[in-house]
Amino acid sequence: MASCRACDLKVLVAIVCGLLTTIVLGLGIWTTVIRIQKELSTSSPSIPMEFCRNGGTWENGRCICPDFWKGWRCTIANFCENSTYGIFTFDRIPAGKYGPSRQRCDKDTLNEGNPRATRLCNITMYGEIKLENVTIGNCNQTLEALEDQIGNISTQSLNISNEARILTSDVNRITPEGVISATKVVGEIFNPERNATLEAKEIAVTTVSQLLDAGEGVFQEAAAAGTDDVNTFAMLVKQMEIYSTSLGNKTVVEPNVAVQSVDLSSESTGHSTSVRFSVKKGSSDSLIPGSTVVERDVEALNPNGQTELQILLNTSTSNTTACGFVVYQNNKLFQSKTFNTKSDFSQKIISGSTNENNSQGASVDIVFNPKYNQKEFQLHSYACVYWNLSTKDWDTRGCYKNGNADDFLYCHCNHTTNFAVLMSFKKNYKYPESLNILSSVGCALSITGLVLTIIFQIATRNVRKTSVTWVLVSLCVSMLIFNLLFVFGIENSNKNLKESDSDTNKPDSNRNEMLTQDTVYIPNPKCTVVAALLHYFLLVTFSWTGLSAAQLYFLLIRTMRPLPQRFILFISLIGWGVPAIVVVVTVGIIFSQSGSQWELDYRQEEICWLAVSGKNGLITSSLLWSFIMPITIILINNIVIFIIIIVKVIWKTNQNLTSTKKVSFLKKILSTLSITVVFGVTWILAYFMLIGNDDVREIFSYMFCLFNTTQGLQIFILYTVKTKIFQSEASKVLKSLSESTGRVKLLPSVTPLRLRLRMYNLLTSFPALNERFTLLEPSVIMEEMTPSESDQADSSI
């Protein structure tokens, strides 16, 4: 009778587990449907990815085209086709730039590997694209050698300027030493005392533009290598200011530099004289002829939707006869020691100056329209600054903020020099929603199952080997702590921070304070600690799955050999100690490389978990080397042992052994599932979540969530509920509850008894179920149930 009741209890447990599985699956399907409906209802029309052609990207309401294309959709050619001139051949050249020849200097020349010639793809005043003649260089000439010829500039300025342009035409071959030498040479060409020709100076502007295409790291190394006494960058910037006032009313425009001069000598000095210089937006990041506009005798700034940069130079109290403007497309010549940049936003610099040595009477009003990814970042703060030639760094002295409106930042400075707006941005992180119902229910069931499994394993530890109990309890403890941390700590508390509109839309509108970096993040040590603990306990969980696999291998495959000495101590050091070493080493390496802002290099901001990508992508991320790689090795080991045990033990049938013939197919399935759960085999679904197809990834995401959030529940069912000890004790509890209910003397009302009789009659009306639910019969409930000793044995693996 006892065995029959135990069988009935198994059926009840199977029904309950089936209902729980159905509920979880239903929640998953329901969540998917709700999410799809939400996405369909909230979807808004946007510019398709295919709108911008030929590699163009849609940013801030327009297509940003690569150098070779222009137009609204980047469909208009902006280049000169492949060409041949004599013995020289040239690849496609962007309009407005010089292209290097395919022919390179030989190995036995000083200029080995550099192009032998260059050719200009010119843009005429009518907007036509035209190839110019070829300029042939000297293969025995280097930038360092040109630096030694500075004294000959007055007589050989055109030749030296041409050589410098040719030697800087291949941006991939520019070195920090080459940058220093080139800036010295062109700086001296701009120097009025050298008496270089106007043509040589125009070519020098081209050289500066080509230099600004070099990498940021090249300029940083060049600035670090320069001496404090003679800063070549500062000298070049100063000489370009002087040059900008000497061109009459002429404009020199190159892709990265534009120089505009305005002659005021013919203007009447009896009234206010102001000059407004504007830079208009284009379809690319390069400056082109016609993108700059000069207006005289204006009273104020007047930006519009096409304005990217505008400066108003007021010379009302200054006896100036000329003024000049220089625009730099980036800040590579202005290497600051106090302002650190981490983003790749282009920082334009505008210079406004006069030909008077003392221009204290002049002042400037400036408006900037910063260009950045507004979907990903928001402006946090900005500062109106100028380049201090004495300190060779940015300074706020004499500059003030004039507010901001309509995405424009206004500044006022009471002097003239090189100006900029330093900006700091805050990333618009997409914080995920709170755990959905599927995850919450799964984790709650897992936590409950793990707690009950730990209690059961400790309470019944005397009926099995100590090592078996220790491994399973350690696995459950680590998994329990991980689940608790996941439920209560995975969300970043920064998600709940709400800033006022004045902090987000008008940052620091009244204070013009120097900034130290261009990106701002809110530190959250608590989130970092949670990420480290999640990292540790998940590694511990996988370590114990690997140790469980090793233990089963020793117990089932190598049955004739005893476990190694001090096996429990050995596996404890591995299971709890090795993950701690991995986490500590990972944090230490990242902290040593990143300094005070190391947190976001270790964890994500969206959730308190490891960062998905490092500074150079996934290959340098902490997620790859300190998590994915270790668990991949453990999973491979577990799968190999899993296959060995399945083939050699569980599904192997020996015709000579009666015991193997009696093992039912269902028991084999349960044994296989038991090993699958403990070995963590279902975690291989995580690798399928890396598939690029969104629909496929979504399916595997929900499968992963279903199988792994309920892993604790699965362990409870397979390693606790299905054991005979648990079933026997549960039968005793049910019997005790039934007896206590039967002894209760109810009031004359017989309604509860009628309900029980109706339930019994309903169940007995189904012959197939009548035998399965004998526990519900009143006569059976009142009987004394004494389980046999065989029912006390633990049948778990």
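Quick caveat: nothing in here was measured; it's all calculated off a predicted structure. For the single chain, residues carry numbers from 1 onward in sequence order.
- Aromatic rings of F79 and W69 (six-membered ring for Trp) have centroids within the 6.0 Å cut-off, being under it.
- Between the side chains of N355 and T321, at least one donor N or O lies within less than 3.5 Å of an accepting N or O.
- Side-chain N or O atoms of T207 include one that pairs as donor or acceptor with a backbone N or O of I203 at under 3.5 Å.
- Judged purely by distance below 3.5 Å, without hydrogens or angles, the side chains of N138 and N111 never pair a donor atom with an acceptor atom.
- For Q347 and T341, the side-chain atoms include no donor-acceptor pair closer than 3.5 Å.
- Partner R276 forms a side chain to side chain contact (heavy atoms under 4.5 Å, CB included) with one of D297, N302, L313, V293 and no other, that one being N302.
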Item to check | disulfide (SG to SG under 2.5 Å) between C65 and C52, worked out | outcome: CA-CA 8 Å; C65 306; C52 300; over 6 Å; no
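- Of the candidates N114, T118, I174, I174 is the only one forming a side chain to side chain contact (heavy atoms under 4.5 Å, CB included) with T168.
- Between the side chain of S101 and the backbone N or O of A117, at least one donor-acceptor pair lies under 3.5 Å.
- Although no hydrogens or angles enter the test, the distance criterion places no donor-acceptor pair under 3.5 Å between the side chain of H380 and the main chain of M423.
- By the 4.5 Å heavy-atom criterion applied to side chains, T416 and Y386 are not counted as neighbours.
- Of the possible polar contacts, one joining the S161 side chain to the A200 backbone as a donor-acceptor pair under 3.5 Å is found.
- For E199, the CD atom counts as loosely surrounded, since its 6.0 Å shell holds 12 or fewer non-hydrogen atoms of other residues, nucleotides or ligands.
- In this structure, CG in D393 is found 5.0 Å from NZ in K337, a value given to the nearest 0.5 Å.
- With no hydrogens or angles considered, no side-chain donor-acceptor pair links N414 and S363 at under 3.5 Å.
- Between C413 and C399, the sulfur-to-sulfur (SG-SG) separation falls under 2.5 Å.
- Looking at E147 and K184, a side-chain N of the basic residue comes within less than 4.0 Å of a carboxylate O on the acidic one, giving a salt bridge.
- At least one donor-acceptor pair under 3.5 Å links the side chain of S261 to the backbone N or O of S244.
- Panel note: side chain K332, backbone A214; a donor-acceptor pair is recorded below 3.5 Å.
- How far CD1 of I123 is from NZ of K130: 13.5 Å, rounded to the nearest 0.5 Å.
- Annotation: K107, atom NZ; neighbour count of heavy atoms from other residues, nucleotides and ligands within 6.0 Å does not exceed 12.
- Considering only heavy atoms from C-beta on, V275 comes within 4.5 Å of L264 through its side chain.
- Atom-to-atom distance recorded for L131:CG and N122:CG is 9.5 Å, nearest 0.5 angstrom.
- No side-chain heavy atom of C105 sits under 4.5 Å from any side-chain heavy atom of E112.
- Between F190 and Y243, the ring planes lie tilted relative to each other; the angle falls in the 30° to 60° range.
- Cation-pi geometry between R116 and F88 is not met at under 6.0 angstrom from the ring centre and within 45 degrees of the axis.
- Between C121 and C80, the two SG sulfurs come within 2.5 Å of each other, short of that mark.
- At a cut-off of 3.5 Å, with distance as the only test, no side-chain donor of E254 or S209 sits close to an acceptor on the other residue.
- Here F368 and Y382 keep their ring centres 6.0 angstrom or further from each other.
- Tested against I349 for a side chain to side chain contact (heavy atoms under 4.5 Å, CB included), the candidates V257, L309, V421, N331 yield a single pass: N331.
- N159 and N162 are not linked by any side-chain donor-acceptor pair at a separation below 3.5 angstrom, with hydrogens and angles left out of the test.
- Here the side chain of N54 pairs a donor or acceptor atom with the backbone of C74 at under 3.5 angstrom.
- E216 and Q335 share a side-chain donor-acceptor pair at under 3.5 Å.
- Between R92 and D67, no side-chain nitrogen of the basic residue sits less than 4.0 Å from a carboxylate oxygen of the acidic one, so the salt-bridge criterion is not met.
- Between the side chains of D601 and Q593, no donor-acceptor pair of N or O atoms lies under 3.5 Å.
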Checklist entry - After noting the C-alpha distance and the side-chain angles of D106 and T109, does the key distance pass the side-chain hydrogen bond (donor to acceptor under 3.5 Å, both in side chains) rule? => result CA-CA 6 Å; D106 297 332; T109 60; over 6 Å; no
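- The backbone N or O of V364 sits less than 3.5 Å from a side-chain atom of H412, completing a donor-acceptor pair.
- Between the side chains of N152 and T155, no donor-acceptor pair of N or O atoms lies under 3.5 Å.
- The CG atom of N82 lies 11.5 Å from the CZ atom of F90; values are rounded to the nearest 0.5 Å.
- Ion pair E308/K348 flagged as a salt bridge, since at least one NZ, NE, NH1 or NH2 atom sits closer than 4.0 Å to an Asp/Glu carboxylate oxygen.
- By the 4.0 Å N-to-carboxylate-O rule, E202 lies close enough to K250 to be salt-bridged with it.
- Taken as a pair, C411 and C384 meet the criterion of an SG-SG distance shorter than 2.5 angstrom.
- Expressed to the nearest 0.5 Å, how far CD1 of I189 lies from CG of N195 amounts to 13.0 Å.
- Aromatic pair F334/W387: centroids less than 6.0 angstrom apart.
- Here the two rings, on W58 and F51, have centers that are under 6.0 Å apart.
- In this structure, a donor-acceptor pair under 3.5 Å is present between the side chains of R119 and S83.
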Item to check | Test log, rule side-chain hydrogen bond (donor to acceptor under 3.5 Å, both in side chains), inputs T89 and Q103 | outcome: CA-CA 7 Å; T89 56; Q103 289 73 27; 3.3 Å; yes
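- Annotation: L198, atom CG; neighbour count of heavy atoms from other residues, nucleotides and ligands within 6.0 Å does not exceed 12.
- To the nearest 0.5 angstrom, L146 atom CG is 6.0 Å from E163 atom CD.
- Relative to the six-membered ring of Y98, R165 meets both conditions, a distance below 6.0 Å and an angle of at most 45° to the axis.
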